[in-house]
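Worksheet: one structure, shown below.
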Amino acid sequence: MEILILFAAGLLAGALNSLAGGGSFVIFPALLFVGVPPIMANATNTYACLPGYGSGAIGFWQDILRHKDKLLVYSIIALVAGFLGAEALLRVSDAQFEGLIPWLMLFAVVAFTFGGQFNQWMANRRTTSKNGARTGAIVTTVFLALICFYGGFFNAGLGIILLAYLVLAGYQDLNAMNGLKLLISFLVSITAVVRFSMSGSIEWQAGTIALIGATIGGFAAAKLSYLLPASSIRNFVVVYGFGLTVYFFYTTYFA
């Protein structure tokens, strides 16, 4: 039964990631539901999402290479901050992390829901402000490091937050932004997975079942994407995500 739940969660998560994003909102609670402890569930979710980031980055590789002058800096920040985020996760107890889950979910769902508006707001700010270029570069670098730290600590919502960073950094080509988002997510996740594996914090069997389901679901949804309006899928993720967040707040603080 657990195998079916995890595989089905992976299928749905992969499909959502292909159509609108938000797959972590499915795999992470599914892992908790089948009894994986909170910190291990979070680490395993990062592992299950890893191949999707990598394959997506490969698909956008030519667009990524147009910004190869940035890749070394981005890679170093992603690897170091992602590792530190994973390290921070391993230094809290399951009980402490369980108390953080509702707030992390709320942050991720709000970022997912209002990410487009936030990106547009930042794009307007970027185009109307020409002063303080050096200060702006420092701020955006620190922002990227904090995002990557968050991604190593809690993977959900990482992609939309990275898009906000890329808008702030001045990118306008959507394909390049998606490619860089996926590449940075992949680097953050792979260094986090390395750290998690060193501490034995990944439930490999459960994660692999979800991973296989996500791979199949993502491929199938990509083939059928023209049949499903992305806005409807996105609205489903928003409603589901907020409902899940309310559930976590209830079970954590009121049950």
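Keep in mind the model is a prediction, meaning the values are calculated, not measured. We use all heavy atoms of the structure for the numbers below, so side chains are in, but hydrogens, waters and symmetry mates are not.
Applying the 4.5 Å side-chain rule to ILVMFWY residues, one finds that I58 remains a lone member of its cluster.
A continuous path of ILVMFWY side-chain contacts below 4.5 Å connects Y250 to L106, so both sit in one hydrophobic cluster. L183 and I76 are assigned to two separate hydrophobic clusters, defined by single-linkage of ILVMFWY side chains at heavy-atom distances under 4.5 Å. By the rule that hydrophobic residues join a cluster once side-chain heavy atoms approach within less than 4.5 Å of another member, F83 and Y74 end up as members of separate clusters. Both Y253 and Y247 are part of a single hydrophobic cluster, where members link through side-chain heavy atoms under 4.5 Å apart. Note on Y171 and L65: same hydrophobic cluster, where clusters join Ile, Leu, Val, Met, Phe, Trp and Tyr whose side-chain heavy atoms are under 4.5 Å apart, directly or indirectly.
Rounding to the nearest 0.5 Å gives a distance of 11.0 Å between CG of L166 and NZ of K70. The structure places OG of S75 at 8.0 Å from CD1 of I184, a figure rounded to the nearest 0.5 Å. With rounding to the nearest 0.5 angstrom, the CD1 atom of I39 is 10.0 Å from the CD atom of E98. The structure places CG of L31 at 10.5 Å from CD of E2, a figure rounded to the nearest 0.5 Å. Note that CG of L162 and OG of S185 are 4.5 Å apart. Values are rounded to the nearest 0.5 Å. Remark: L79 CG to I190 CD1 distance equals 8.5 Å, nearest 0.5 Å.
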message: Evaluate C49 against S24 for side chain to side chain contact (heavy atoms under 4.5 Å, CB included), listing each step before the verdict.
response: CA-CA 8 Å; C49 292; S24 289; 3.5 Å; yes
query: Step by step, would you call L180 with L71 a side chain to side chain contact (heavy atoms under 4.5 Å, CB included)?
result: CA-CA 9 Å; L180 289 167; L71 295 185; 3.8 Å; yes
field: Pair V167-M177, side chain to side chain contact (heavy atoms under 4.5 Å, CB included): steps then yes or no
entry: CA-CA 8 Å; V167 170; M177 290 167 64; 3.4 Å; yes
query: After noting the C-alpha distance and the side-chain angles of T252 and I101, does the key distance pass the side chain to side chain contact (heavy atoms under 4.5 Å, CB included) rule?
result: CA-CA 9 Å; T252 301; I101 288 174; 5.7 Å; no
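Scanning both residues, M40 and G200, for their nearest heavy atoms gives CE-O, 3.5 Å. Taking all atoms of both residues into account, the shortest heavy-atom contact from N155 to T46 is CB-OG1, 3.7 Å. The shortest heavy-atom contact between P38 and L32 is CA-CD2, 3.6 Å. Residues G82 and V188 come closest through the heavy atom pair CA-CG1, 4.0 Å. Between A9 and V26, the shortest heavy-atom contact is O-CG1, 3.5 Å. Considering every non-hydrogen atom in both L6 and V34, the closest pair reads CD2-CG2, 4.1 Å.
Within a 6.0 Å sphere centred on CD of E87, other residues, nucleotides and ligands contribute more than 12 heavy atoms. Remark: Q205 CD is loosely packed, at most 12 non-hydrogen atoms of other residues, nucleotides or ligands lying under 6.0 Å away. Annotation for L146: atom CG counts as buried by contact number, over 12 foreign heavy atoms lying within 6.0 Å.
No side-chain heavy atom of F248 sits less than 4.5 Å from a side-chain heavy atom of W103. No side-chain heavy atom of E203 sits under 4.5 Å from any side-chain heavy atom of Y47. With contacts defined as side-chain heavy-atom distances shorter than 4.5 Å, the pair L84/F153 does not qualify. At a threshold of 4.5 Å between non-hydrogen side-chain atoms, the residues N178 and L163 count as touching. Annotation: side chain of M105 is in contact with side chain of F25 (closest heavy-atom distance under 4.5 Å). Between D63 and F60 there is a side-chain heavy-atom pair separated by less than 4.5 Å. Residues Y53 and L187 fail the side-chain proximity criterion, which asks for heavy atoms closer than 4.5 Å. Here the side chains of F236 and L16 are in contact, with some heavy-atom distance below 4.5 Å.
The main-chain N or O of A86 is never found under 3.5 Å from a side-chain atom of R91 such that the two would form a donor-acceptor pair.
No option in F28, F149, F107 other than F28 meets the ring pair (Phe, Tyr, Trp, His ring centres under 6.0 Å) test with F154.
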